Undergrad: 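Here it is, the structure, as structure tokens.
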Amino acid sequence: MAERAQTDAAKRIPARKTSGGATAKGSTRVLKASPEGRSAEKRPAAKQTKTPAAPSPTEPRDKVKSKTAAKSSTKKAKTATSEGKKSASSRTKLAGRRDELLGYFRKMYEIRRFEEESARGYAQGKIGGFLHLYIGQEAVGVGISAALEQEDYLFQSYRDHGIALARGMSANAAMAELFGKDTGCSRGLGGSMHFFDVANNFLGGYGIVGGQIPLAAGTAFKSKYTQDGRVTVCLFGDGATNIAGFHEALSLAGLWKLPVIFVCENNEYSMGTPLHRTSPVKDIADKGPGYGMEGVICEGHDVLQVKACMSEVVKRARTGGGPTLVEMKTYRFRGHSISDPAKYRTDEELKTRKAQDPLVVFRKHLAAAGVSDKELATIEEEVETVVQAAVAFAEDSEPAKVEVMESAVYAPLEA
Amino acid sequence: MAVQTYRDALRDAMYEEMERDERVFLMGEEVGHYQGAYKVSQGLLERFGERRVVDAPIAEGGFAGLGIGAAMVGLKPIIEFMTWNFSFVAFDQIVSNASKIFQMSGGVIPVPVVFRGPNGAARQVAAQHSHSVDGLYAHFPGLQVVIPSTPADAKGLLKTAIRNEPNPVIFLEGETLYGLKGEVGGAEDLIPFGKARIGREGSDVTVVAWGRCYYEALSAAELMAEQGIECEVIDPRTLRPLDMDALVTSVEKTHRCVIVHEHLPYGGVGAEIVDQLQRAAFDALDAPIARVGSRDLPMPYASNLETLVLPTVERVVEAIQAVTYTKS
């Protein structure tokens, strides 16, 4: 139904001449249980003191489930399996997931190289405005995407290139958008902060901190209203957890048990201010229980842990168990935006964190799975071709169009 | 045609559209069990149940955003603000998201959400509860701003708003108009956006007025008729889109114009209309266009002061006399 409406609306916009690949399909995404049996550390939800409410407005009476997040309130925190204790059997299992793992590596490397080329394009004056890079956080986007179905909805903040690529947007459409071209994913109207890719149900990058979080409650409301079986994932940074939209959206989603996963990418800095100077609690996940949902912490530098963690909470959302607040512990290697030299942190800190570079960490997994350096080099070369082609495509594409700018504000009223 | 109150006309518009389209739902504070803070949603919960008539907690930013998100993926939400004063805590959602998403997505993602509720001053509710927000929201491209003055317009325009794609609608009701009675149309009598209605024909001066001020304009026209001045009262009904053709046509006939609105004058819709008219009909004008709005002040509580701030029939009469050079 959404797709039809979108198509109708899109019809009124002047057609694009060349295909930007904005509708390119991502790789098939299949939910799998984690063979590692790794469990994210769970934090107990605060004990719910209110008496069970009457069925929520969105809850058909016959569908009311007593199994809610609140049930986990008494659950003891589990300890995360240590990364170092990989068993021989898990190594075998990793080897069995070879193609899947290589897919993650390919996508994370593509994001890394795409972002590096974005920075270059910005330095060359070919990209304008703000540019927020995802370098260092690749495992979060790729791991989340791997835990979702194609039909699931996803929202992101302005740091949106990585997840858009992870969801299947072509590098061509992404780079062309940065270059302000008609072939861009938003036809040059959105820019870096406002990527959209309806074909992959990526419903946008949003520039006002936390502004996208209530929207995610809305798509999840629709999924519950129509029982369409989809879940929504909403990404935002640690800084966004202080703004009203975060609290109001979690409040509504918790109240109505909406199928949404709120994912905080805690990269430790709210622009230039460290978390301990912006948040009254050390772990963002602790903010979940106050809204009737579990808070879950996940190591965001390891794509396999991200996927395992997300698969669990996605399953809960999809089966009527309600929302979850997931905190991905991550780190960005670049500044808040391209113009930020990140003077607020030490070289030592950066060096320490780069040892946990998601690509470096993942190479260890790959080695365990028996992947050779040569194989990875081949993938890197292939990705390089894709990224360089994207830059050339963006360069060669036609500029954004005046007629699109004018017609993409109002469209005629349907009869 | 049936005679109904403005309140019941709005309720029937929602009722009929919810019957017609499963995707339409109503969400807001007290819209369900309480039957609406102003009883506009009376009986809807009983007919449609809690799935489609949803009582929301006091979180306008949250549920306005929820409505936008639901609209992006195919539902047709009606989001009620108990009054439009409370929309300010949802302002970012309306302005940064609702009005922009269709454009930011390259004209792909529609946002067919209706935000509705009472607009403007009631009686003595003071500075924070007396805003008339029509000028404010009319500022933003991407929004459609609708402000009905009669029961028939209320019903016909709300039905159009609910069926509308792809843009969000700001639907501004008159708190002091809810009890007003008038004839209303049937289930398929939709009133298009961007078409003004001539409420009274006249040859001497065009008076443009909407919302509650439409009635101040009609009363002023009555008084002026006694003095031999015939006013043409035009209600644009929607401020975005704005039916400038109708206004220009009328001004070319009358050569004079007064604009009456309740919202604050600074940078308001009246100023916009003045600008457009003086460019489109400069040669037709025989006098500078006059504007009557609230005085440029936060609303005071005291009854005597409130009366001084709001546009009154007397102030409209003064403006008409000024543009017709008939002030005694």
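On a predicted model such as this, the values are computed, not experimentally measured, just so you know. Numbers restart at 1 for each chain; the letters A, B, ... are given by sequence-line order, proteins then strands.
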Undergrad: Select one option (side chain, backbone, both, neither) describing which atoms of B/Ser105 are under 4.5 Å from chain A's heavy atoms.
TA: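 The answer is both parts of B/Ser105.
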Undergrad: Could A/Asp197 and A/Arg167 be called an ion pair, given the rule that one side-chain N must be under 4.0 Å from one carboxylate O?
TA: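 No, A/Asp197 and A/Arg167 are not salt-bridged.
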Undergrad: For each of A/Gly205, A/Gly207, A/Gly218, tally heavy-atom pairs with chain B at distances under 4.5 Å, and name the one with the top tally.
TA: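 When all of A/Gly205, A/Gly207, A/Gly218 are compared, A/Gly218 has the most.
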Undergrad: Among A/Gly190, A/Gly245, A/Ala217, which has the most heavy-atom pairs under 4.5 Å with chain B?
TA: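 If we count pairs closer than 4.5 Å to chain B, A/Ala217 comes out on top.
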Undergrad: Quick test of your reading of the model: are B/Glu188 and B/Arg163 salt-bridged, counting only N-O distances below 4.0 Å?
TA: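 Salt bridge flag = yes for B/Arg163 with B/Glu188.
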Undergrad: Which atoms of A/Tyr206 are under 4.5 Å from chain B, going by heavy atoms: the side chain, the backbone, both sets, or neither?
TA: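 Side chain of A/Tyr206 only, per the 4.5 Å heavy-atom cut-off to chain B.
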Undergrad: Would you call A/Asp182-A/Arg187 a salt bridge at under 4.0 Å N-O?
TA: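 Looking at A/Arg187 together with A/Asp182, the answer is yes, because their closest N to O distance falls below 4.0 Å.
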Undergrad: With a 4.5 Å cut-off on heavy-atom pairs, point out which of B/Glu60, B/Gln103, B/Glu22 contacts chain A the most.
TA: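 Counting heavy-atom pairs under 4.5 Å, the top option is B/Gln103.
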Undergrad: Does a donor on one side chain and an acceptor on the other come within less than 3.5 Å for B/Arg52 and A/Tyr225?
TA: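 Short answer, yes.
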Undergrad: Of B/Trp84, B/Phe81, B/Phe88, which is the lone residue that meets ring-ring contact (aromatic ring centres under 6.0 Å, His included) with B/His131?
TA: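 Between B/His131 and the candidates, ring-ring contact (aromatic ring centres under 6.0 Å, His included) is satisfied uniquely by B/Phe88.
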Undergrad: Side chain, backbone, both or neither: which part of A/Phe155 has a heavy atom under 4.5 Å from chain B?
TA: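 Contact with chain B is through the side chain of A/Phe155 alone.
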